[in-house]
Participant: 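One structure, pasted below without further comment.
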Amino acid sequence: MQLDRAVESGYEKAYCKMMNDVEMQDAKDNWIETRAEELIKNFGNDNDWQIVELLKIKLESKTIDKKIYDQFITDICYSQAKTEYSKRF
C-alpha cells in the first residue's frame with residue numbers, strides 16, 4: 001500500500017513539474033512573440049526600400065523581393081526578442 005502511494009506521489013510530482021515547465025515555456029513564447037511583433041512594426045514605413053537595396057548589395061543578389069525581405073525582418077526581430085528575453089530572465 002505504501003509503495004502504491006509512493007509511486008502515485010512520484011507520478012503526481014512528475015506531472016506537476018511537467019505542467020509547470022509547459023506553463024513557463026508558454027509564458028516565454030508569448031513574451032517573445034509580443035516583443036517580436038513590436039519590433040516588426042518598426043519596419044512598416046516608406047524607408048524600407050533603403051534596407052532592401054542594402055541587402056541586395058550585401059548579398060550580391062538582385063532577386064530580393066518583399067517576401068524575402070519580410071522573412072529577413074521577421075527572423076531578425078524574433079532573434080532580437082529571444083536575446084532580450086535571455087538577458088532579462
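Source: prediction; values computed, not measured.
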Participant: What pair of heavy atoms forms the shortest contact from Ala81 to Ala36, and how long is it?
Facilitator: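 It is CB-N, 3.8 Å.
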Participant: Is there a continuous path of hydrophobic side-chain contacts, each under 4.5 Å between heavy atoms, that joins Ile57 to Val52?
Facilitator: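 Each belongs to a different hydrophobic cluster.
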Participant: Step through the shown structure and confirm whether more than 12 heavy atoms of other residues, nucleotides or ligands are within 6.0 Å of CD on Glu12.
Facilitator: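 Counting other residues, nucleotides and ligands, CD of Glu12 stays at 12 neighbours or fewer.
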Participant: Taking only residues two or more places apart in sequence, or in another chain, which ones meet Glu60 in a side-chain hydrogen bond (donor to acceptor under 3.5 Å, both in side chains)?
Facilitator: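 side-chain hydrogen bond (donor to acceptor under 3.5 Å, both in side chains) list for Glu60, sorted by chain: empty.
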Participant: Just to verify, what does Tyr15 make a ring-ring contact (aromatic ring centres under 6.0 Å, His included) with, not counting sequence neighbours?
Facilitator: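 Partners of Tyr15 under the ring-ring contact (aromatic ring centres under 6.0 Å, His included) test: none.
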Participant: Could you grab the distance from atom NZ of Lys41 to atom SG of Cys77, nearest 0.5 Å is fine?
Facilitator: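 Between Lys41 NZ and Cys77 SG, I get 12.0 Å after rounding to 0.5 Å.
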Participant: Restricting to pairs with a member in residues 38-61, which pass ring pair (Phe, Tyr, Trp, His ring centres under 6.0 Å), not counting sequence neighbours?
Facilitator: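 The answer is none; no pair qualifies.
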Participant: Distance check, rounded to the nearest 0.5 Å: Met24 atom CE versus Met19 atom CE?
Facilitator: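 Those atoms lie 13.5 Å apart.
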Participant: Do Leu54 and Ile64 share a hydrophobic cluster, counting only Ile, Leu, Val, Met, Phe, Trp and Tyr and linking them when any side-chain heavy atoms are less than 4.5 Å apart?
Facilitator: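 Shared cluster, no.
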Participant: Which pairs with one or both residues in residues 50-59 pass salt bridge (Lys or Arg N to Asp or Glu O under 4.0 Å), sequence neighbours excluded?
Facilitator: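 Counting only pairs at least two positions apart or across chains, the salt bridge (Lys or Arg N to Asp or Glu O under 4.0 Å) contacts touching residues 50-59 are Glu53-Lys56.
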Participant: Partners of Lys66 by side-chain hydrogen bond (donor to acceptor under 3.5 Å, both in side chains), sequence neighbours excluded?
Facilitator: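 Lys66 satisfies side-chain hydrogen bond (donor to acceptor under 3.5 Å, both in side chains) with Asp70 only.
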Participant: Could you work out, with side-chain hydrogen bond (donor to acceptor under 3.5 Å, both in side chains) as the rule, every residue matching Thr63, not counting sequence neighbours?
Facilitator: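 Expected list: Ser61.
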Participant: Who pairs with Glu37 by salt bridge (charged side-chain N to carboxylate O under 4.0 Å, His left out), at least two apart in sequence or on another chain?
Facilitator: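 Glu37 satisfies salt bridge (charged side-chain N to carboxylate O under 4.0 Å, His left out) with no other residue.
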Participant: Quick one: salt bridge (charged side-chain N to carboxylate O under 4.0 Å, His left out) partners of Lys82, sequence neighbours excluded?
Facilitator: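 For Lys82 there are no salt bridge (charged side-chain N to carboxylate O under 4.0 Å, His left out) partners, ignoring immediate neighbours.
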Participant: Under the salt bridge (charged side-chain N to carboxylate O under 4.0 Å, His left out) test, which residues partner Glu38, sequence neighbours left out?
Facilitator: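 Glu38: salt bridge (charged side-chain N to carboxylate O under 4.0 Å, His left out) contacts with Arg35.
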Participant: Got a second to check how far Leu39's CG is from Glu84's CD, nearest 0.5 Å?
Facilitator: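 It is 6.0 Å, given to the nearest 0.5 Å.
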Participant: Report the residues that fulfil side-chain hydrogen bond (donor to acceptor under 3.5 Å, both in side chains) with Lys17, sequence neighbours left out, ordered by chain and then residue number.
Facilitator: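 Expected list: Asp21.
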Participant: Quick check for you: to the nearest 0.5 Å, what is the distance between Asn30 atom CG and Gln25 atom CD?
Facilitator: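 Here the rounded value is 10.0 Å.
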Participant: When clusters are formed from ILVMFWY side-chain contacts under 4.5 Å, directly or step by step, what else is grouped with Ile32?
Facilitator: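 Reading the cluster by chain and number, Ile32 sits alongside Trp31, Ile40, Tyr78, Tyr85, Phe89.
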Participant: With rounding to the nearest 0.5 angstrom, report the OH to CD1 distance, Tyr69 to Ile51.
Facilitator: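 If we round to the nearest 0.5 Å, Tyr69:OH and Ile51:CD1 are 3.5 Å apart.
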Participant: Name all residues meeting the ring-ring contact (aromatic ring centres under 6.0 Å, His included) criterion together with Phe72; count only those two or more places apart in sequence or in a different chain, and write none if there are none.
Facilitator: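 ring-ring contact (aromatic ring centres under 6.0 Å, His included) check on Phe72 returns nothing, list empty.
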Participant: Could you state the interatomic distance from CD1 (Ile73) to CG (Asp48), rounded to the nearest 0.5 Å?
Facilitator: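 Reported to 0.5 Å precision, the distance equals 6.5 Å.
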